[in-house]
Amino acid sequence: MIKRTHTCGELNKSNIGHEIHLNGWISKSRDLGGLIFIDLRDRYGKTQIVFNEENHINAFNTAKKLGLEDVIGIKGVVVARPEDAINKDIATGEIDVEVNEISVYNESEPTPFDINDRNSAMEDHRLRYRYLELRTEDLQKNFVLRHKVTQAVREYMSDDDFIEVETPILMKSTPEGARDFLVPSRIHQGRFYALPQSPQTYKQLLMVSGFDRYFQICKCFRDEDFRADRQPEFTQIDIEMSFVDQNDIMSMATGLVRNIWKKAIGVELPSEFPVITYHDAMERFGSDKPDLRFGLELNEFSDYIDKSDFNTFKDIIKSGGKVKAIVCPNANNYSRKVIDELTDYLKTYFGAKGLAWMKYVDSTLDGGISRFFPDQVKNSIISDLDVQDNSIIFIVGDNKNTVYSSLGALRLKLADNENLIDNSHWSPLWVTDFPLVEWNEEKSRWDSLHHPFTSPDLNDIDLFDTDPSKINSLGYDIVMNGYELGGGSIRIHDRHLQSKVFNLLGIDEKEAEEKFGFLLGAFKYGAPPHGGLAFGLDRIVMLLAGCNQIRDVIAFPKTTSAMSLMDNSPSPVYSDQLDELGLQIKSKKK
RNA sequence: GGGGUGGUAGUUCAACUGGUUAGAGCACCUGCCUGUCACGCAGGAAGUUGCGGGUUCGAGUCCCGUCCAUCCCGCCA
């Protein structure tokens, strides 16, 4: 083998005259007859190597037969390019390597798509040949970035006295929350492990063990339906601390995020991130993960409805609903057709019953539902909401959640339409004061908003018996540009409080003992006050890389139906394997 | 579980209102070419139109079913 003395990204004028060796893949070849130019590529860059019929006939004849993506090693001499042949676009563009010896390690069949152009094939095709897609410059960049992020995390955490502890991948199944991936036990037939949805209980136990400051970069598994930013297995940066309050955790995590952004992409984030309550986030942005890179805030509109003749909305308010409005510029962009499309979008996806509107053009509030408002009320709307000329006001009235979700979605869509989002801008924030529980209509019970170990605000204990919906939790989410980067909470470390919460959630003592007995047991023996949070690593890298799908930063991702197209998993297994596990497959339901 | 979009040569796409032998770029094969870098020129091979049914004289095109991919809603403590 010809071992490389340099990579394909580093030779330049200073190497002229040197005898060097390179290894790499053939990225492009240009055969001019007696002269062949080849772009040789490795993960560091590309170097143009030249085969000349007159100088080195053996190497030349070998090169004649080469195809794209063949892997070769060469020996040659670095030479300056003629003045008019210099390529300023690449780092190695001032030199060539004149090849005098070549060794072909592996010839490539024609590749299923063009390695120089990642978009030269559809995604399912690229996923089938993921190892080739990973050869593309785009993806190589993403994984270098991902490495920088994990390095930045380990450096920051380690410098701050955190230690990384691994927790089990085979653990106890707890049917709360997401659906578990189950693993059958051979030794204990009929029993199952679950893959962790997160190391939540383990990290709390590590606090009881006195580890004080723990972190881990670990895989988590959730068997739910998938999206552009959700995979069945994903990576969390998992963190837990003892003897701290919410502010301690938030300031540590702010520092971590700042360090990641600085080390990975050289961006200085502000030393403190804005903090907004869950209630305000929903009221102002219709989302618990608002994108603060632009305005278009939601405005309260009920007062104007009260003074109008618009009975539909009046009735909604009477029955406990809400009416809110967004003021959007460039009313001239919103023809009847466009408005209808927006309406359909909100109806289809967010359960809105309609989308009301009025336009403010030439100092007149007109069109849509404007005729229901007396002039005086129109004037208040214009001044209160600071409506500029050529604006359109979109109004939704419905139950609280529908108003939030539909106007929250409309806000994002309008920002996109109006090009209001500065993609070079980073806008982090904390969202705090989440409700502890929410009412599950379907199952007629209270569900945790975060998880059952989240501490309620101790000032709200009285509300357990009066109005559980008003109990705040000591939970917090960190949000960047409209994506949830992570979240966490102060945990309950007191058995009695934990029982109280279980009780509220309808988990009786027997069930609690069965599911979480090991954790409750640990709390008998000196559990320190503790809390923590977890970040979605994939999502962080996705944002830093400027991608909008998480698959672009996971080396071997699965499809939205949780298939691995490359190795065809999940796949059937031999009946022997099932027998050993004591399992039998039911015939598929039709 | 529900909705949208897509599936045609190795690949990316085209093919009007259902109508001749389903076309083009890149890749591939053959030949020519000593300064290319999207090299150029000449020629060639390459198709179960995702799959299964149906309507029709005739289906890539229309209808029904199904599979796959993707985006979204539900779901994701």
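Naming convention: chains lettered A, B, ... in sequence-line order (proteins, then strands); numbering from 1 in each chain. The structure presented is a predicted model; accordingly, all values stated were derived computationally and were not measured.
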message = Without decimals, in angstroms, what is the distance between A:Arg551 CZ and B:A69 C1'?
response = 9 Å
query = Base, sugar-phosphate, or nothing for A:Ser448, non-hydrogen atoms under 4.0 angstrom?
reply = sugar-phosphate
Spacing of the P atoms in B:U5 and B:A46 (rounded, Å) = 36 Å
request  = Calculate the interatomic distance between A:Lys413 atom NZ and B:C71 atom P; express it in whole Å.
outcome  = 15 Å
query = With a non-hydrogen cut-off below 4.0 angstrom, is A:Thr454 in contact with a base, only sugar-phosphate, or nothing?
reply = nothing
task = Counting Watson-Crick and G-U wobble pairs only, both distances under 3.5 Å, name the nucleotide matched with B:C32, or none.
result = B:G40
query = Expressed in angstrom and rounded to an integer, what is the separation of A:Asp229 atom CG from B:C76 atom C1'?
reply = 10 Å
task = Considering only atom P, compute the distance from B:G44 to B:G7 and round it to an integer number of Å.
result = 30 Å
key: Distance, rounded to the nearest Å, where A:Arg128 contributes CZ and B:G10 contributes C1'   = 14 Å
Nearest to side-chain heavy atoms of A:Leu565, which nucleotide of B:G3, B:G7, B:A69 = B:A69
Rounded distance in Å - CE (A:Met563) to P (B:U70) = 11 Å
key: Sugar-phosphate, base or nothing in reach of A:Ile36, heavy atoms under 4.0 Å   = nothing
ask   = Could you state the CZ-P distance from A:Arg126 to B:U12, rounded to the nearest angstrom?
value = 9 Å
inquiry  = I need the single residue from A:Gln216, A:Gln200, A:Arg491 that forms a side-chain hydrogen bond (donor to acceptor under 3.5 Å, both in side chains) with A:Glu240. Which is it?
reply    = A:Arg491
request  = For B:G6, give its Watson-Crick or G-U wobble partner with both distances under 3.5 Å, or none.
outcome  = B:C68
message = Using a heavy-atom cut-off of 4.0 Å across all strands, would you classify A:Asp225 as base, sugar-phosphate, or nothing?
response = base
ask   = Using atom P of each nucleotide, how far apart are B:U61 and B:G25 to the nearest Å?
value = 26 Å
query = In the 5'-to-3' direction, what one-character label does each nucleotide of nucleotides 32-44 of chain B receive under the scheme B = base within less than 4.0 Å of a protein heavy atom, S = sugar-phosphate only, - = no such atom?
reply = -BBBBBSB-----
ask   = Can a cation-pi geometry be assigned to A:Lys172 and A:Tyr193, taking NZ or CZ under 6.0 Å from the six-membered ring centre and within 45° of the ring axis?
value = no
ask   = Taking the same atom, P, in B:G10 and in B:G50, what whole-Å distance lies between them?
value = 13 Å
request  = Taking atom C1' in both B:U66 and B:A24, compute the distance separating them and give it to the nearest angstrom.
outcome  = 32 Å
query = To the nearest Å, how far apart are A:His125 NE2 and B:A9 P?
reply = 10 Å
